[in-house]
Each structure stands twice: as C-alpha cells, then as structure tokens.
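Only heavy atoms go into these numbers, but all of them, side chains included; no hydrogens, no water, no symmetry mates. Indexing begins at 1, ligand by ligand and atom by atom, following the structure's order.
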Amino acid sequence: MSSSAPLVVRLLASSVSVASRAGKIVRDVMSKGELGIVEKGKDDYQTEADRSAQRCIVASLSAQYPKVNIIGEEDGPESESELPSDWIISEADKEVLSLECPVNLHSVKEEDIVVWVDPLDGTSEYTQGALMLKRDPWERWKMYLTHPLISIKWYLSLLQSNYGFLEHVTVLIGISVNDKPVAGVIHQPYYKTMLDGEKIMGRTIWGLQEVGVGGFTPAPPPASLIITTTRSHSNPLVEKALQVMNAGQIVRVGGAGFKVLQLLEGKASIYVFASSGCKKWDTCAPEAVLSAAGGKLTDILGNYYKYGGAESRPNKTGVLAAVNDELHSYAVKRIPQELKDALSK
Ligand SMILES: Nc1ncnc2c1ncn2[C@@H]1O[C@H](COP(=O)(O)O)[C@@H](OP(=O)(O)O)[C@H]1O
Ligand SMILES: [Mg+2]
C-alpha cells in the first residue's frame with residue numbers, strides 16, 4: 001500500500017477493501033443457511049453474519065491503524081474462535097488511494113479519528129431475505145414457522161417481492177474526525193451487475209469530504225417529492241412525521257445505508273425517521289457519503305449528531321436527511337413542534 005497518501009485517504013481506501021470482504025462474509029453465512037439469530041433487544045437482532053463481518057472489519061483496520069478508535073455495533077466479549085487468516089485484509093483500494101486529500105484533513109492523526117462500524121445494516125431485511133433463498137416451498141414454510149421476526153403479513157409480502165429485501169442490506173464504515181463524519185463507505189453485498197455476461201455480486205460506494213463520491217453514478221432527485229423511511233421500525237410518531245411532509249410517494253425500505261442510497265440514486269429526495277432507534281454506526285457512513293455528494297443528514301430538529309468516541313450511541317432525536325439544503329430545511333420546517341418536543345424529552 002502507498003504510504004505517501006495522508007492517513008484519512010489511506011484509511012478510506014482500506015475501508016473500501018475490507019467492506020467488500022465483509023460483504024462476502026455476509027453472503028457466505030446466508031449461503032450456509034445457519035444465521036444464528038440472537039435477540040439483543042426489542043426489534044433488535046444480530047446474526048452470525050453481523051458478528052463475523054464485524055470481526056473481519058475491526059481486526060483488519062486495527063492491525064493497520066492501531067491507535068484509531070473503532071466502535072462497532074456488535075462490540076462485546078471477544079470471540080474465542082480463531083479468526084480465519086483470509087478475514088484480515090491489508091489491501092487498499094487503488095482509486096481511493098490516488099484521491100487528493102482535502103487540506104484540512106492532511107495532518108489528522110490516528111488519535112483524532114473515530115470509526116463507526118455497522119457490519120450489517122438492515123438485519124431485519126437480511127433475516128427475512130433468508131426465507132426467500134429456500135427454493136423448496138416446504139423448507140421455506142418450516143423456516144417461516146421458526147423465524148422470530150416475520151408476521152404472516154410480511155411472509156406474504158416477501159413471497160411477492162421477488163427474493164425479498166436483500167438488496168437493502170449494507171456494510172457501513174464511517175470515519176469521523178473531531179466529531180464530524182468526513183469519509184465513509186456503504187457496501188451492498190447483494191447488488192447485482194453484469195460484466196461481460198458474468199454476474200457480479202456487490203458494489204462499494206464511498207464518499208470523502210470536499211472530494212465527492214465514487215463507486216456509482218449519483219442521479220438527480222425525482223421531480224416530485226418522494227420520501228424514504230423505515231420498513232420494519234415504524235410507530236405513530238414516525239407515521240405522523242410522514243403525513244406532514246405532503247409527499248407524493250413514500251418508499252419504505254430497510255437500513256439507514258440503503259435509504260441514503262435511495263437519495264443518491266434519485267429514487268427519493270428526503271429520508272425521515274422521527275423516532276429513536278438508529279445509532280451512531282447507522283448514520284456515520286451514510287452522513288459522510290451523503291454530505292460528500294452535497295446532501296445533509298441531521299436529527300429531526302435539524303441539528304448535526306456528533307461522532308466522538310464518548311458520545312452516546314443512540315440517535316435519540318431521529319434522522320432527517322435530504323439531497324440538498326433546500327429540501328432539508330423544507331423538511332425541518334414541516335415537522336410539528338410537538339413531535340420535536342416528544343423526541344427531545
Ligand atoms: N426501534 C428500533 N429498535 C432497534 N433498532 C432500530 C430501531 N429503529 C431503527 N433501528 C436500527 O436502525 C437501522 C435502520 O433501521 P430501519 O431499517 O428501520 O430504518 C437498523 O440497523 P440494523 O439493521 O443494523 O440493526 C435498525 O436496527
Ligand atoms: Mg444498522
């Protein structure tokens with residue numbers, strides 16, 4: 001790896017490579033069919049893929065950047081099983097390594113950086129997607145009966161959805177400096193493209209402050225107002241905030257990473273989630289990528305979250321993101337004061 005590039009650029013380039021490896025782990029766990037679902041809290045689940053992808057990311061980055069503070073969604077007691085050697089990635093993406101580092105990030109040191117890792121954003125969609133990979137209807141039905149997350153309504157919608165919601169799953173690595181997300185990676189393990197007649201799985205999107213985004217082509221916002229929001233964590237406050245937006249359409253998808261991709265690809269223009277529930281690892285990378293593309297991500301009051309290592313993990317006052325400042329201020333103004341008060345309590 002070139003050691004001449006400034007630290008933030010090298011760390012972003014390493015994160016691009018490791019996110020792609022973590023994405024393969026996510027697919028491999030699914031292919032084996034043993035998801036190992038654990039309930040962490042109400043509506044909050046973890047699978048073998050979350051645990052293994054996090055181990056790969058944290059081990060790979062901390063081996064190269066030992067003084068960087070890396071905080072992951074699945075932090076907990078160290079696993080006793082040995083880490084497979086091919087989970088330790090030391091490569092760095094060449095295109096990213098050649099980027100011009102913004103002047104204000106040139107002299108950043110490892111101690112100034114906090115990396116927020118969500119090894120698998122969209123866990124509900126991942127576990128529900130597992131059902132659809134069971135080709136045998138009887139096997140699928142048996143899995144449904146033992147699945148902790150799926151109601152009959154969702155089961156029926158899954159059957160109609162052409163292999164579920166796996167595209168909503170992302171691996172998120174957000175790099176923050178002095179409380180602010182400055183660079184980030186959103187990897188989609190189940191994104192499919194064809195190259196020379198061959199199916200390629202996965203794509204990796206990155207963003208760097210003042211430089212822009214890469215790994216895909218951003219699209220302009222839709223002509224009419226389209227809002228994206230949660231698929232699996234709605235509640236009356238979330239619905240109230242959606243009503244007041246006066247949108248032509250509401251797109252309900254899983255994961256904070258995928259919702260920000262909806263904004264960047266012109267499928268929606270505002271992301272509204274007027275509820276606690278999202279955490280710093282859900283929003284750090286999406287905020288970095290969105291802001292590098294000219295968008296804005298805050299809480300529903302319009303205030304930026306801080307990403308220092310001592311900050312509390314929950315994003316208590318919700319999420320409000322938009323493709324540009326104008327749409328962001330429109331959305332902040334539309335949120336009624338009583339809703340803002342209810343979340344700030
Ligand atoms: N009420 C809630 N309880 C637990 N997690 C929540 C939540 N609301 C949102 N989240 C988390 O925020 C992320 C985006 O949620 P959503 O898809 O509903 O928009 C998901 O991350 P994970 O899938 O990484 O756990 C999800 O778990
Ligand atoms: Mg998440």
Quiz prompt | Heavy atom of Lys279, distance to ligand 1 below 4.0 Å | solution = yes

Practice problem: Provide the atom name of the closest N, O or S atom of Asp282 relative to the Mg ion (ligand 2). | Solution: OD1

Quiz item: Can you name the N/O/S atom of Asp118 that is nearest the Mg ion (ligand 2)?
Solution: OD2

Exercise. Report the part of Asp282 in contact with ligand 1, treating N, CA, C, O as backbone and CB onward as side chain, heavy atoms under 4.0 Å; options are side chain, backbone, both, neither.
Key: side chain

Quiz item: Between the candidates Arg252, Arg231, Glu125, His233, which shows the shortest non-hydrogen contact distance to atom 8 (N) of ligand 1?
Solution: His233

Exercise. Please indicate whether any nitrogen or oxygen in Ser124 is less than 3.5 Å from any nitrogen or oxygen in ligand 1.
Key: no

Quiz item: Nearest to the Mg ion (ligand 2), which N, O or S atom of Asp121 do we find?
Solution: OD1

Quiz item: Would you say ligand 1 has an N or O under 3.5 Å from any N or O of Gly254?
Solution: no

Quiz item: Asp118 heavy atoms, cut-off 4.0 Å: which ligand 1 atoms fall inside?
Solution: 24 (O)

Quiz prompt | Per-atom contacts, ligand 1 versus Lys259 - under 4.0 Å to a heavy atom | solution = 16 (P), 17 (O), 19 (O)

Quiz prompt | Ala256: numbered ligand 1 atoms lying under 4.0 Å from its heavy atoms | solution = 14 (C)

Quiz item: Can Leu120 be said to touch ligand 1, with heavy atoms closer than 4.0 Å?
Solution: yes

